[in-house]
Amino acid sequence: MLNPPVHRASTIIFKTVDAYRRRHDGFYDDVIYGLYGTETTFALARAVADLEGGYQSVITSSGSAAVALALAAFTSAGDHILVSDVVYGHTRRFCQEAMVQYGVEVTYFDPLIGGAIADLVRPNTRAIFMESPGSHTFEVSDVPAICAVARKHGIVTMIDNTWATPIYFRPIEHGVDVSIAAATKYMAGHSDVMLGAMTAGSEEIYQKLKDSAGRWGVSASPDDCYLVHRGLRTLPSRLRHHERTAKALIEWLQGQPEVLRILYPALESDPGHKIWKRDFDGASGLFGVVMKPMDDAAIDRFFNHFSVFLLGSSWGSYVSLAVPAAPPPVRLAGTPPLEGTLVRFHAGLEDPADLIADLERAFARLRSGAA
Ligand SMILES: *Cc1c(COP(=O)(O)O)cnc(C)c1O
């Protein structure tokens, strides 16, 4: 067989008392208890770590769990963390609620801050959490510049790399300590799995991530690990298709008078283009569109009647999605580029001509004023 088979387990049987006594030496690396994974989990962890160019990965039950466990791994009461202002909604909630509950102070930084992040560093700053491009507004951060400051101050850096995947961006090569993936999205690729991964740049970081996952009792289903591992086989080919289709949709959208701006760093006109081009090998299928202001009736007319695009939020699979950014993203640092109504598209694996025909009908509905 080619793919590692599914090994399901809770109880693991040991041959000798000695092996049983020493079982915890190998948690998350050897098969010692179902919670910490089986050969299926470890095969996926190894594959993700290889793609990320990292030391090793810990697989978690969701992308949200990977974010939470990575933050929990490096923080204690009295610490301060710097979090990008454009992080995924659940990440912001975790910081606002759990981090604050456990006595960690959080400052949100402008994703375009670059090396000036040095001004926000305090003696108790322990971690910097980035996401690039940012959720909903797609700002690209200067990751190497931020990491250089962090390294000088002994601060751990982590990044949510879900949009690019390690096929298009390898954060560890740019100085990041922990690369986080919602494997639920492109890695799984078929809208039927929840899984996450935290990849460590070094053995020392890996140990901290394992400790955190074990402490919080997080486990990953071997069946889901199998599916994500299988998904990795086609990840580069799928991404190329997502990218081509996104570009075709964007080209069409740019010709519509209702479209004020496209948020997608692969566009030369995008403010993040220069850094994206320097650091990334490609762009995925998710992008934002700032439309002329739409009232609720216009939003209903536009979104309620698509026949190819679907209305849903977990992107990264074969289906194309169109959603209004509702509620609008929260921003505390910097000014979001939102002079109109923000909508988000995911380009799936359908025929681009069918998608464009669907868009043509939606824009016609918008103009006609009829549902
Ligand atoms: C979806 C997503 C997550 C969360 O992943 P889940 O597996 O849905 O918990 C985290 N970060 C980003 C950028 C995401 O898009």
Side-chain angles (χ1 to χ4, degrees), residues 41 44 48 52 57-72 83-99 108 111 129-141 143 158-169 171 176 178-199 213 216 218-221 223-225 227-228 231-232 235 239 242 246 263-265 272 280 283-288 310 312-317 319-323 325-326 329-331 342 344-348:
T41 327
L44 174 62
V48 171
E52 294 271 6
S57 307
V58 179
I59 306 299
T60 59
S61 51
S62 68
S64 302
V67 168
L69 294 167
L71 282 164
V83 176
S84 172
D85 201 27
V86 294
V87 288
Y88 181 65
H90 182 276
T91 304
R92 186 184 282 273
R93 273 198 303 282
F94 183 80
C95 291
Q96 290 296 89
E97 293 163 16
M99 285 281 97
Y108 295 93
F129 191 104
M130 299 168 272
E131 183 177 324
S132 178
S135 268
H136 290 290
T137 40
F138 299 89
E139 295 88 343
V140 181
S141 293
V143 171
M158 33 193 112
I159 190 167
D160 185 329
N161 193 36
T162 302
W163 181 87
T165 84
I167 304 300
Y168 285 162
F169 183 53
V176 177
V178 184
S179 179
I180 294 163
T184 306
K185 307 280 168 61
Y186 284 121
M187 288 186 183
H190 294 75
S191 285
D192 52 3
V193 174
M194 302 298 301
L195 220 57
M198 312 181 276
T199 302
W216 292 89
V218 164
S219 192
S221 150
D223 296 271
D224 293 344
C225 291
L227 289 171
V228 169
L232 294 181
L235 180 60
L239 280 172
H242 288 297
L263 311 175
Y264 190 61
F280 288 63
S284 67
L286 188 77
F287 59 93
L310 301 175
S313 57
S314 195
W315 46 271
S317 89
V319 293
S320 289
L321 303 172
V323 287
V330 177
R331 296 291 183 260
L342 178 61
R344 194 180 69 184
F345 290 98
H346 176 253

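In what follows, residues are counted from 1 in the order of the sequence shown. Remember, it's a predicted structure, so these values are computed and weren't measured experimentally. Indexing begins at 1, ligand by ligand and atom by atom, following the structure's order.
Ligand 1 has Met194 within reach: a non-hydrogen atom of the residue lies less than 4.0 Å from it. By the 4.0 Å heavy-atom criterion, Trp315 is counted among the residues contacting ligand 1.
For ligand 1, the atoms closer than 4.0 angstrom to any heavy atom of Ser62 are 7 (O), 9 (O). For ligand 1, the atoms closer than 4.0 angstrom to any heavy atom of Glu131 are 13 (C).
When side chains are defined from C-beta on, Asp160 counts as touching Val67, because their heavy atoms get closer than 4.5 Å. Counting only heavy atoms from C-beta outward, the side chains of Arg93 and Tyr88 never approach each other to under 4.5 Å. The closest side-chain heavy-atom distance from Met198 to Met158 is not below 4.5 Å. A 4.5 Å side-chain heavy-atom check between Phe129 and Phe94 finds every atom pair outside the cut-off.
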Legend entry - Working for ring-ring contact (aromatic ring centres under 6.0 Å, His included), residues Tyr186 and Trp315: CA-CA 8 Å; Tyr186 284 121; Trp315 46 271; 5.6 Å; yes
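Residues Arg92 and Ser135 bring no donor and acceptor atom of their side chains to less than 3.5 Å of each other. A side-chain donor from one of Ser179 and Glu52 sits under 3.5 Å from a side-chain acceptor of the other. Side-chain contact, Thr199 with Ser57: a donor N or O sits under 3.5 Å from an acceptor N or O.
Nearest to atom 9 (O) of ligand 1 among the protein's heavy atoms is Ser64 OG, 2.6 Å. In this structure, the protein non-hydrogen atom closest to atom 3 (C) of ligand 1 is Tyr88 CE2, 3.3 Å. When only non-hydrogen protein atoms are considered, atom 7 (O) of ligand 1 lies nearest to Thr184 OG1, 2.5 Å.
Distances from atom 12 (C) of ligand 1 to the heavy atoms of Leu286, Asp160, Asn161, Val87 put Asp160 nearest.
In terms of polar-atom proximity, Ser135 is not counted as a contact of ligand 1, lacking any N or O under 3.5 Å from an N or O of the ligand. Among the atoms of Gly63, some N or O lies under 3.5 angstrom from an N or O of ligand 1.
Using a 4.0 Å cut-off between heavy atoms, Lys185 contacts ligand 1 through its side chain alone, with no backbone atom that close.
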